[in-house]
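Structure, as structure tokens:
Residue numbering restarts at 1 for every chain, and letters A, B, ... go by the order of the sequence lines.
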Protein chains: 2
Amino acid sequence: MPTTGPAGEVPARCKRADAQRNQQTLLSAAAAVFVDSGVGAPIREIAARAGVGLGTIYRHFPTRADLVVAVYRHQVEACAEAGPSLLASADSPLAALRQWTDLFVDFLVTKHGLANALQSDSSGFDTLHTYFLDRLVPVCGQLLDAAVNAGDIQPGTQAYELMRGIGNLCIGRDSDPRYDPRRLVRLLLQGLQQQPQSS
Amino acid sequence: MPTTGPAGEVPARCKRADAQRNQQTLLSAAAAVFVDSGVGAPIREIAARAGVGLGTIYRHFPTRADLVVAVYRHQVEACAEAGPSLLASADSPLAALRQWTDLFVDFLVTKHGLANALQSDSSGFDTLHTYFLDRLVPVCGQLLDAAVNAGDIQPGTQAYELMRGIGNLCIGRDSDPRYDPRRLVRLLLQGLQQQPQSS
DNA sequence: GACGAAGCGGAACACTGTTCCGTATGTTAA
DNA sequence: TTAACATACGGAACAGTGTTCCGCTTCGTC
């Protein structure tokens with residue numbers, strides 16, 4: 001019964017039953033731990049929660065980043081797919097861009113430390129950085145282009161830069177009332193609308 | 001000969017001569033290592049460069065953050081003092097704000113990983129976060145208020161939030177041509193000028 | 001049931017930051 | 001000058017990471 005879901009979603013047949021079971025267990029455990037202790041939680045904590053050894057976790061997910069990607073794959077996909085549909089449904093390309101960034105920001109701020117991990121230059125989080133950007137930059141680019149063509153915003157801003165900027169703005173201790181990433185992202189988008197002023 | 005420099009700047013007399021010497025050696029070594037390997041370099045590397053033991057480094061600087069603060073104290077002070085003088089010399093409060101953020105951004109991007117460390121939620125970098133913000137937020141607030149009063153920008157943005165936003169935008173691998181923090185900070189400030197648009 | 005391969009567990013390694021204490025050194029008083 | 005003491009030093013040792021490795025177990029198959 002070879003289901004035909006999106007590539008990479010299916011738990012990979014041709015594997016032993018216990019391996020498939022463990023992979024699922026690990027994903028659930030990781031998701032739970034990420035909620036409790038943030039994305040930066042020790043691998044050992046996830047292994048313990050799942051009731052498996054360290055070797056097991058590393059065989060299924062060669063690095064932390066692979067695990068994080070696997071856990072959030074669905075949500076990233078949803079965000080990517082929301083781009084074109086928002087462009088079709090929203091009042092204007094600019095409105096679509098705004099709504100889409102809201103989606104993206106919501107996603108980032110609800111995962112403790114995910115935005116941090118996305119930019120972290122040390123440890124092997126490169127996979128994470130790469131996956132997010134590869135998947136979402138084209139979507140963002142499409143929205144950006146549409147808004148430029150509609151005359152809603154000034155040209156000259158690259159999707160990659162904008163995405164990383166937004167991601168960076170979402171970094172920080174959760175729930176500090178004095179720092180609301182959403183406000184700053186809104187400001188950034190407003191800056192995009194503005195015609196350059198020399199004053 | 002009790003010199004009367006700014007508080008905390010003088011290497012603290014009433015200490016043994018070798019202690020004072022070591023403190024200076026450590027500051028130099030740390031500065032050099034930070035340039036080579038970034039602010040996140042292992043303590044042991046700094047100790048080795050300075051030719052001292054680990055105990056010594058920890059007696060002088062109880063935590064990494066204290067060492068970083070000590071190394072960059074002068075530059076932070078300079079940045080803080082530039083605020084009022086720019087306000088006096090620039091063409092407008094907005095221009096002063098722009099020039100001041102340029103100064104701040106330059107400072108951050110030239111120190112590998114400093115912006116990262118500033119926001120890092122783990123390890124004891126709280127001291128760092130606190131020092132930078134305590135020292136610079138009032139200055140930024142003054143510039144912001146002046147710009148609001150002059151009608152240059154819309155009110156409603158807090159200095160703390162803006163500072164952290166700018167700091168966050170400066171996070172990232174150095175010298176990625178696709179990501180220029182300066183462009184995004186400029187956009188953010190442009191957003192500050194913009195009157196809110198409902199479109 | 002027996003066999004081989006796939007998978008598992010966790011000890012062990014490498015690398016962090018940090019603490020602690022025996023030893024060495026500067027300073028001061030005799 | 002030298003004796004005595006407080007101060008400061010060095011680095012071994014501890015605790016907590018991520019990651020690797022290999023002997024043993026379990027699954028799937030014949």
How close or far is atom P of D:dG10 from atom NE2 of B:His60, stated in whole angstroms?
9 Å
Nearest-Å distance for atom pair CD1/P, residues A:Ile43 and C:dC8:
16 Å
Roughly how many Å is it from NZ in A:Lys15 to C1' in D:dT26, rounded to a whole number?
16 Å
Considering only heavy atoms and no angle criterion, is a donor-acceptor pair shorter than 3.5 Å present between the side chain of B:Arg44 and the base of C:dG17?
yes
Tell me whether A:Glu161 is salt-bridged to B:Arg183, with the criterion being a basic N under 4.0 Å from an acidic carboxylate O.
yes
C:dC8, OP1 or OP2 - any side-chain N/O from A:Asn22 closer than 4.0 Å?
yes
Hey, which of these two, B:Ala41 or B:Arg21, hits DNA chain C nearer its 5' end, going by closest nucleotide?
B:Ala41
Take the protein atom CG of B:Leu26 and the nucleotide atom P of D:dC9, then report the distance between them rounded to whole Å.
8 Å
Could you pull out the closest heavy-atom pair between B:Gly165 and A:Leu169, with the gap in Å?
O-CD2, 3.6 Å
When the nearest nucleotide of DNA chain C is assigned to B:Ala17 and to B:Pro62 on a heavy-atom basis, which residue is associated with the more 5' position?
B:Pro62
When you match A:Gly55 and A:Gly40 each to their closest nucleotide on DNA chain D, which lands nearer the 5' end?
A:Gly40
For the residue pair B:Phe107 and B:Phe104, categorise the inter-ring angle as parallel (less than 30°), tilted (30 to 60°) or perpendicular (more than 60°).
tilted
Is B:Thr56 close enough to D:dG10 that one of its side-chain N or O atoms is under 4.0 Å from OP1 or OP2 there?
yes
What integer distance in Å separates A:Tyr58:OH from C:dA12:P?
18 Å
Lys/Arg-Asp/Glu bridge criterion (N-O < 4.0 Å) met for A:Arg182, A:Asp102:
no
Which of C:dT18, C:dG9, D:dT19 is nearest the side chain of B:Thr63? It is C:dT18
Once you apply a heavy-atom cut-off of 4.0 Å, does B:Leu54 come out as touching a base, just sugar-phosphate, or nothing?
base
Show the nearest heavy-atom pair for residues B:Ala159 and B:Val137, with the distance to one decimal.
CB-O, 3.6 Å
Between P of D:dG10 and CD1 of B:Ile57, the distance in whole Å:
11 Å
Closest of D:dC27, C:dT16, C:dC8 to the A:Ala19 side chain is C:dC8
Should the side chain of A:Arg16 and the base of C:dA6 be counted as holding a donor-acceptor pair, with the cut-off at 3.5 Å?
yes
Separation of atom CZ in A:Arg64 from atom P in D:dT17, rounded to whole Å:
10 Å
Rounded to the nearest Å, what distance is computed from the CG atom of residue B:Asp66 to the P atom of nucleotide C:dG17?
14 Å
